[in-house]
Structures are given as structure tokens and as C-alpha cells.
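Labels below follow one simple rule: chain letters A, B, ... track the order of the sequence lines, proteins then strands, and each chain is numbered from 1.
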Protein chains: 2
Amino acid sequence: MMDASGGIRARHTYHHGDLRRALLDAGIALARDGGPDAVVLREATRRAGVVPNAAYRHFASRHALLQAVRAAALAALAVAMEKQLARLRDGGPRAGLRAIGTAYLRFARTEPGLFRTAFAVPGEAETAGSPAMAGKSGLNPFQLLGVALDRMVAAGVLPAERRPGAEYLAWSAVHGLAMLVLEGPLRRLPRTQTRVIEQRLLDMVDKGL
Amino acid sequence: MMDASGGIRARHTYHHGDLRRALLDAGIALARDGGPDAVVLREATRRAGVVPNAAYRHFASRHALLQAVRAAALAALAVAMEKQLARLRDGGPRAGLRAIGTAYLRFARTEPGLFRTAFAVPGEAETAGSPAMAGKSGLNPFQLLGVALDRMVAAGVLPAERRPGAEYLAWSAVHGLAMLVLEGPLRRLPRTQTRVIEQRLLDMVDKGL
DNA sequence: GCCGCAATGTATACAGCGTCCACACAAGGT
DNA sequence: ACCTTGTGTGGACGCTGTATACATTGCGGC
């Protein structure tokens with residue numbers, strides 16, 4: 001009950017109200033600028049105006065909090081993908097795949113901390129259908145990619161025999177590039193040039209799938 | 001001067017002899033099973049039979065040690081690539097690129113800790129020509145890939161106008177898949193199936209480049 | 001309207017980490 | 001023989017995650 005110094009908001013009630021949410025939000029903020037390693041339990045509790053151990057009433061460990069943040073990051077990515085898809089005034093089924101890839105790469109660029117948190121942590125299951133990591137459609141990023149590929153098969157632009165496992169190939173290429181741009185050798189490439197490479201990569205996927 | 005308990009080797013001289021090397025080796029061992037986060041300064045000094053602060057005579061910080069380990073991991077990858085290339089009884093220039101990709105993916109599978117250390121850490125420069133991260137040929141993994149692509153151009157199987165930036169596309173695809181298999185959604189896929197996907201991915205690169 | 005219980009937040013404590021500072025020892029050129 | 005320079009030691013600090021015991025609160029049953 002000290003404070004007025006922390007600057008976050010002094011609490012007057014003994015109970016916080018929605019500490020779980022507050023911790024999660026703090027965790028997301030930490031991940032946003034600083035990546036997964038910056039998600040520090042004590043700092044999250046500090047921001048929530050609460051003693052460190054209070055966190056353990058809502059998360060079994062720091063790792064559990066990190067997983068929750070990770071799920072939120074995946075959900076944010078899913079939303080970004082859905083937005084990019086919604087922009088599409090039917091440019092054909094290939095456009096769907098391209099929109100997914102574009103959204104993925106943009107997300108990596110604009111939210112590097114969240115992106116790294118989403119993927120630089122072991123964590124279960126893009127496959128598993130937890131709604132915590134899904135967008136408005138209820139689909140997570142991985143599933144959205146699957147749908148785009150299914151549409152391509154339905155439209156006849158992707159041979160059905162090449163469909164199984166295709167998400168892994170597409171995902172690999174895009175994910176790999178995102179990593180290289182984010183913290184690999186392409187880190188200090190001028191933005192215009194990264195855009196060119198991004199386009200060429202999407203071309204490669206289109207052609208090579 | 002206690003010990004006989006640590007099990008590493010009690011030192012009788014005040015000076016260690018080659019502490020830098022010992023710390024680096026310990027760091028590599030830690031990275032090998034545990035990845036970058038397992039590279040812990042105090043543990044490395046413990047294994048070297050020395051007090052924690054002794055490390056600071058040879059590395060400015062934990063991060064500096066980690067970078068040295070990272071360089072060693074890249075060198076190991078370069079060596080693996082060179083070996084795979086040496087096996088080649090001229091199967092044409094495409095075979096060179098494929099060998100690079102194969103070695104990369106195998107390294108990720110067989111040395112996941114080192115692989116993650118090599119790439120999950122920001123760090124400068126696959127580009128920069130430090131010999132610490134190169135193989136016997138003096139070339140680092142990235143440069144080896146470049147050479148393979150150059151050969152393809154020389155042999156006429158890759159149009160010269162597609163050469164610039166091609167290493168980024170190839171690298172992205174392979175690196176992305178390695179990540180997915182290592183700590184992504186493909187983690188628990190049976191090994192035989194990952195092999196199939198690996199082959200298809202290399203096909204995609206071949207075709208789409 | 002009171003009571004007791006379960007949920008939630010607090011206090012205190014411990015070990016492990018990276019790192020700083022002052023000191024001890026060893027080796028080598030003068 | 002000395003003294004400088006490099007290298008390893010000892011002790012300390014603040015940070016982290018987490019365990020264990022305690023305090024406060026809100027809620028359901030009487």
C-alpha cells in the first residue's frame with residue numbers, strides 16, 4: 001500500500017479485481033518491446049501494483065505466463081491475417097495465399113517482439129485448437145494458411161496431390177525469411193530491399209509449391 | 001583449491017593454462033544440450049574449475065562468451081556442409097545446392113542445441129568474414145551457399161538475373177523448415193515424414209528459385 | 001445478519017544468476 | 001632483485017524465480 005511512486009496506479013482495495021488480465025497485459029507489453037526474455041514475472045507484478053507471489057495465484061510459473069503471452073501473440077497474428085484477407089476483393093485463390101504470407105511478414109516487421117515471442121518459444125501446438133491463439137474467425141494462423149491452400153485446390157490452381165503438407169512448405173519459407181530479416185544476416189538491409197526479397201520469396205512459393 | 005568433488009579436474013597451479021579455451025569448450029557443451037539459454041557463465045567457470053569472476057579476464061560478459069560459442073556453432077555447421085559437399089561425386093551443380101540444404105537440415109536435427117545457439121541469438125554477421133565461424137575452406141555457411149549458387153549460374157542451370165539475393169530465398173526456406181521441425185508445429189512429426197517434407201522443400205527451392 | 005470457507009494478495013526467505021571492486025598470486029623484462 | 005602486468009580469488013550487490021506461511025477479503029449457508 002505504499003506507492004504513488006511506481007506510477008502505475010495505486011490500489012486501494014485488497015483484491016485487484018482482474019489480476020490475471022493485468023498480468024497478461026503487462027506480459028504482452030513486455031514481450032512487445034523486448035521479446036520473450038523480457039517477459040519477467042516480477043516486472044509484470046510490479047506493473048500490476050502487486051507483490052511478486054500474487055502472480056502464482058493465476059499462473060503456475062513464469063513459463064505459464066509466457067505461454068499465455070505467446071497465445072495472445074498468435075491471436076494477434078491471426079487477426080492481422082484476417083484483416084489482410086478481408087481487404088481482398090477477390091483476386092483469385094492465389095491472392096489468398098499471398099495475403100497470408102504478406103500479413104505474416106508484415107507482422108514480423110511491425111511487431112518483432114510479439115513475433116519472436118510467438119515462435120522463439122517451444123510451446124505446444126499451432127495445431128491444437130485453443131481459441132486463445134485464434135483470431136475472430138476462430139482459426140489460428142496455421143489453420144488460416146490451411147484454408148487458403150484448400151481454396152487453391154478447390155479452384156484448381158494447386159494439384160490435389162500436392163496439397164498434403166503444403167502448409168509446411170509455405171510456412172517454412174515465409175517463417176525463415178521473417179527470422180532472417182528480424183535477427184539474421186538480413187537485419188540491416190534497407191527496407192525497400194527487404195520488400196523486394198519478400199516478393200520474390202512469395203513468388204518462389206507460388207511457383208515451387 | 002578445494003574440489004575433488006566437482007569431478008572436473010582439480011587444478012594445482014594458480015594459473016589455469018588456457019582458461020579461455022576451457023570456458024569456450026564448456027560453453028559449447030552447455031549450448032549443445034540446452035541451447036543458448038543454457039550457456040551460463042557461472043556454470044562454465046565451475047566446469048573449468050575456476051571462480052566465476054575469472055571468466056571476465058577472457059570475456060567481457062556472458063554475452064561475449066555466448067557470441068564465441070555461436071561462432072563455434074557456425075563453424076561446426078560449415079564443416080558439416082563441407083563434408084556433405086565432399087561426398088559428392090559430381091552429380092551436377094544442382095547437387096551442390098542440395099548438399100548444402102541437406103547438411104543444414106541434418107545439422108539442425110542432430111545438433112539442435114548448437115543450431116539454436118547459432119541462429120536464435122541476434123549477433124552480427126554471417127556476412128562478416130570472421131574465421132572463427134568458418135569451416136576448413138575458410139568460408140562460413142552463408143558463403144558456402146553463395147558458392148553453390150555461383151556454380152549453378154556458371155553451369156547455366158540458374159539464370160544470372162535471378163542470382164542476386166538467391167541465397168536469401170534458399171536460406172529462408174531451409175532455415176524456416178529447420179525451425180518448424182525443431183521447435184515448431186512439426187516437432188513431433190515422425191522422422192520418416194520429416195524427411196519427406198525436407199525433400200519436397202528442397203524440390204520447391206530448386207523449382208522456384 | 002452472522003459465520004466459516006475458499007480465493008486471493010502479502011511477508012519473508014532462499015538459491016542462482018551476472019557483474020563490480022579490492023586483493024593475491026605468478027611470470028617476465030629491467 | 002624489483003616492479004609491472006596479466007590472471008585467478010573473495011566478497012558483495014541487486015536482480016531473478018519460487019516455496020512456505022500468513023493476512024485479508026468475498027461469498028454461500030444458516
S.K.: Going by the angle between their ring planes, with limits at 30° and 60°, are A:His175 and A:Phe119 parallel, tilted or perpendicular?
M.R.: perpendicular
S.K.: Atom CZ of B:Phe59 to atom P of C:dT19: distance rounded to whole Å?
M.R.: 13 Å
S.K.: Could you go through the salt bridge (Lys or Arg N to Asp or Glu O under 4.0 Å) check for A:Arg187 and A:Glu183 one step at a time?
M.R.: CA-CA 6 Å; A:Arg187 202 161 4 127; A:Glu183 45 188 20; over 6 Å; no
S.K.: Using a cut-off of 4.0 Å on non-hydrogen atoms, how would the nucleic acid contact of B:Val50 be classed: base, sugar-phosphate, or nothing?
M.R.: sugar-phosphate
S.K.: Under the 3.5 angstrom rule, does the side chain of A:Arg200 hit a backbone N or O of B:Arg162 as a donor-acceptor pair?
M.R.: yes
S.K.: When the distance from CG of A:Asp37 to C1' of D:dG17 is rounded to whole Å, what number comes out?
M.R.: 14 Å
S.K.: Would you mind telling me which of C:dT19, C:dG9, D:dG17 lies closest to the side-chain atoms of A:Leu41?
M.R.: D:dG17
S.K.: Judged by modelled atom types alone, do B:Gln84 and B:Thr102 share a side-chain donor-acceptor pair under 3.5 Å?
M.R.: no
S.K.: Looking only at side-chain atoms of B:Ser61, point me to the closest of D:dG8, C:dG9, C:dT19.
M.R.: C:dT19
S.K.: Within this structure, what is the CZ-to-C1' distance between B:Arg42 and D:dT16, rounded to whole angstrom?
M.R.: 13 Å
S.K.: Indicate yes or no for a side-chain donor-acceptor contact from B:Glu82 to the backbone of B:Ser137 under 3.5 Å, with no hydrogens or angles considered.
M.R.: yes
S.K.: Taking N or O atoms only and anything under 3.5 Å, show me the protein contacts with nucleotides 22-29 of chain C, one pair per line.
M.R.:
| unit_1 | atom_1 | unit_2 | atom_2 | d |
| --- | --- | --- | --- | --- |
| C:dA24 | N3 | B:Tyr14 | OH | 3.1 |

S.K.: Is the distance from OP1 or OP2 of C:dT19 to the nearest side-chain N or O of B:Tyr56 less than 4.0 Å?
M.R.: yes
S.K.: Pick the closest DNA chain D nucleotide for A:Val39 and for A:Thr13 by heavy atoms, then say which residue is nearer the 5' end.
M.R.: A:Val39
S.K.: Roughly how many Å is it from CZ in A:Arg62 to C1' in D:dT18, rounded to a whole number?
M.R.: 13 Å
S.K.: Which pair of non-hydrogen atoms, one from A:Leu186 and one from A:Thr194, has the smallest distance, and what is that distance?
M.R.: O-CG2, 4.5 Å
S.K.: Report yes if at least one side-chain N or O of A:Arg46 is closer than 4.0 Å to OP1 or OP2 of D:dT16; otherwise report no.
M.R.: yes
S.K.: Between the side chain of B:Arg62 and the main-chain N/O of B:Val39, is any donor-acceptor distance below 3.5 Å?
M.R.: yes
S.K.: Enumerate the residues from residues 20-33 of chain A whose closest heavy atom to DNA chain C is under 4.0 Å, giving them by residue number; use none for an empty result.
M.R.: none
S.K.: Scan A:Leu145, A:Asp150, A:Val147 and name whichever one has a side chain to side chain contact (heavy atoms under 4.5 Å, CB included) with A:Glu167.
M.R.: A:Leu145
S.K.: Grab the two heavy atoms, one from B:Ala54 and one from B:Leu19, that are nearest each other, plus how far apart they are.
M.R.: CB-CD2, 3.9 Å
S.K.: If you assign B:Glu43 and A:Pro52 each to the DNA chain C nucleotide with the nearest heavy atom, which residue ends up on the more 5' nucleotide?
M.R.: A:Pro52
S.K.: Taking only N and O in the side chain of B:His58, is any of them less than 4.0 Å away from OP1 or OP2 of D:dG6?
M.R.: no
